[in-house]
Protein chains: 2
Amino acid sequence: MGTTQLETVPEPKYWHLKTVLSEALDSEFSVGEILPNERDLAARFGVARATLRQALEQLELEGRLQRRRGVGTTVAPPRMGVAVGTEEQTWPGAADDAWQPADCAMAPPPPAVAHILESVHGEQVHTVRRSRVSRGQPVAAELLYVPASSVAALPAIDTPSVTARARAVLRELQHLELEGQDRAVELGSASAEDAKELDRLPGAPVLVVTTRFFAGGRTAAVSVATYRADTCRLTFGASGGVEIHHGQERRAS
Amino acid sequence: MGTTQLETVPEPKYWHLKTVLSEALDSEFSVGEILPNERDLAARFGVARATLRQALEQLELEGRLQRRRGVGTTVAPPRMGVAVGTEEQTWPGAADDAWQPADCAMAPPPPAVAHILESVHGEQVHTVRRSRVSRGQPVAAELLYVPASSVAALPAIDTPSVTARARAVLRELQHLELEGQDRAVELGSASAEDAKELDRLPGAPVLVVTTRFFAGGRTAAVSVATYRADTCRLTFGASGGVEIHHGQERRAS
DNA sequence: TAGTGGTCTAGACCACAAT
DNA sequence: TTGTGGTCTAGACCACTAC
């Protein structure tokens with residue numbers, strides 16, 4: 001990474017800076033290496049810290065960098081592929097799935113979910129919280145909404161531990177015949193709770209995967225899963241296991 | 001929208017501001033309405049313009065607002081569902097697909113694509129550019145990479161118009177037997193070219209959908225499609241047509 | 001305690017769209 | 001020409017981590 005001055009181009013400085021840094025990342029840094037701090041970098045490129053930060057933010061959004069307060073900025077490893085959709089459709093909580101149930105409560109769903117479930121106003125649903133870990137890192141947090149009517153056979157509230165209750169709801173789902181499901185993916189920003197779960201700051205970019213599960217001619221459950229957008233690449237289809245390797249060659253400086 | 005002062009909370013100002021604005025958007029504004037300009041808004045909330053902008057940026061990322069230089073900030077309509085994956089796997093360019101071919105060139109693929117195609121260094125591939133429009137708006141730009149060996153039967157370079165050539169490559173693909181495909185979705189930022197195509201500024205957040213097409217026991221084509229993350233929700237699975245309606249109720253002020 | 005990234009300010013000027 | 005959002009500066013202080 002040189003000490004090159006930026007030329008006076010019609011291109012925004014932060015954009016040019018991003019390009020320069022991106023190339024330096026490819027050629028002069030290896031994964032995990034820590035960059036000089038923001039004040040030094042800004043000085044080196046002759047820009048204000050805010051401008052330098054604009055470039056770093058972009059690179060972090062693209063999964064090239066990881067910044068941690070009190071620690072520093074490090075070169076991120078290539079995004080990991082996370083299997084989201086497979087050919088066979090299954091209920092959440094099936095034997096092989098990647099999720100770990102955390103807790104469960106009865107609560108009225110948020111408006112968007114209530115609309116999908118076509119639930120009447122104020123109706124309470126089982127709300128199961130689950131988390132997903134990959135390669136030792138938390139990658140996703142999920143809220144699964146199951147109307148009481150979908151799991152009518154569930155034993156009455158003998159209130160065991162919340163995590164046991166979560167498992168009970170999931171177990172009950174497996175008994176239903178799954179008639180179909182569909183998914184939607186969109187960009188979102190982490191809520192305070194998601195952020196905590198995902199070990200990020202609130203507002204961090206996330207990929208929100210909304211899955212509807214159909215049974216008995218209606219929507220029997222809805223899952224809203226938020227994946228870390230910086231570290232994850234969601235994979236769909238036949239070869240969830242096959243790796244697409246987007247990373248560039250990197251060598252130590 | 002009130003003139004309320006922000007209390008001194010441990011929460012960042014821009015975060016609180018975002019919440020306040022978000023609620024105002026739900027209750028006091030209707031889709032398409034333009035907000036007061038940034039300087040006025042900042043003054044009204046008693047914060048610096050940069051802080052106000054941080055809140056607006058988040059809301060734009062979430063698809064709640066649309067900002068256009070020289071025009072103003074408007075309330076965005078709910079994201080549109082865009083069908084990306086259907087049950088039946090087809091080659092790009094099939095009769096019913098949503099894409100419009102733009103042009104075609106022979107060029108060496110970018111490194112990431114070359115890796116997926118396992119092409120030898122410097123090998124040239126057909127590079128077809130296509131665009132996708134939904135409800136009168138550009139929603140995605142695609143680059144489709146097809147090794148010459150996948151479409152060997154393509155007539156020699158009689159160089160008709162580039163768009164005719166694009167169609168010829170797509171037509172040739174249909175003749176191959178599609179053995180399978182898979183997809184990956186990740187967050188990216190728009191390149192200068194994509195930005196132009198999508199009517200956004202460079203660096204705008206996009207959802208990058210990478211699709212691999214398998215034929216003849218290998219990867220016969222790769223598509224890299226970038227969707228506007230602010231306006232699109234990507235839908236997968238059986239009911240690509242069924243709408244998930246995430247929008248909140250909105251009434252005029 | 002020292003050093004990091006995160007937040008915030010009060011300005012300035014620029015690029016673009018509409019008039 | 002006017003008004004908008006986009007870029008940029010040179011500071012300041014805060015929250016967090018590691019020592």
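Chain letters run A, B, ... following the sequence lines, proteins first, then strands; residues in each count from 1.
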Which of these passes side-chain contact (heavy atoms from CB on, under 4.5 Å) with B:Tyr227: B:Val82, B:Val208, B:Val206?
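The option that passes is B:Val82.
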Separation of [X] atom [atom1] from [N] atom [atom2], in whole Å?
X: B:Arg39; N: D:dG3; atom1: CZ; atom2: C1'; result: 8 Å
X: B:Leu35; N: D:dG5; atom1: CG; atom2: C1'; result: 13 Å
X: B:Asp199; N: D:dG5; atom1: CG; atom2: P; result: 17 Å
X: A:Arg67; N: D:dA15; atom1: CZ; atom2: P; result: 19 Å

Spacing of A:Leu56 atom CG and A:Thr51 atom OG1 [to the nearest 0.5 Å]:
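These two atoms lie 11.0 Å from each other.
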Boundaries of the chain A footprint along DNA chain C (any atom under 4.0 Å from a heavy atom):
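Range of nucleotides touched by chain A: C:dG3 to C:dT7.
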Give B:Arg68 one of three labels, base, sugar-phosphate or nothing, depending on what nucleic acid heavy atoms sit under 4.0 Å from its own.
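Sugar-phosphate: the residue B:Arg68, judged by heavy atoms under 4.0 Å, touches backbone atoms but no base.
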Please work out if B:Leu56 contacts a base, only the sugar-phosphate, or nothing of the nucleic acid, heavy-atom cut-off 4.0 Å.
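Answer is nothing: B:Leu56 stays at 4.0 Å or more from every strand.
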Distance check: side-chain N/O of B:Asn37 vs OP1/OP2 of D:dT4, anything under 4.0 Å?
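It does, given that an N or O in the side chain of B:Asn37 lies less than 4.0 Å from OP1 or OP2 of D:dT4.
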Relative to the 5' end of DNA chain C, which residue comes earlier, B:Gln54 or B:Arg49, by the nucleotide with the nearest heavy atom?
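Per heavy-atom nearest nucleotide, the more 5' residue is B:Gln54.
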Side-chain contact, heavy-atom cut-off 4.5 Å: A:Arg53 with A:Val47?
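A side-chain contact is absent here, since even the closest heavy-atom pair is not under 4.5 Å.
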Take A:Thr211 and A:Arg183, measure what side-chain hydrogen bond (donor to acceptor under 3.5 Å, both in side chains) needs, and give me the verdict at the end.
CA-CA 4 Å; A:Thr211 310; A:Arg183 285 202 173 81; 3.3 Å; yes
Do other residues, nucleotides or ligands put more than 12 heavy atoms under 6.0 Å from A:Gln100 CD?
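Atom CD in A:Gln100 is not packed in, count stays at 12 or less.
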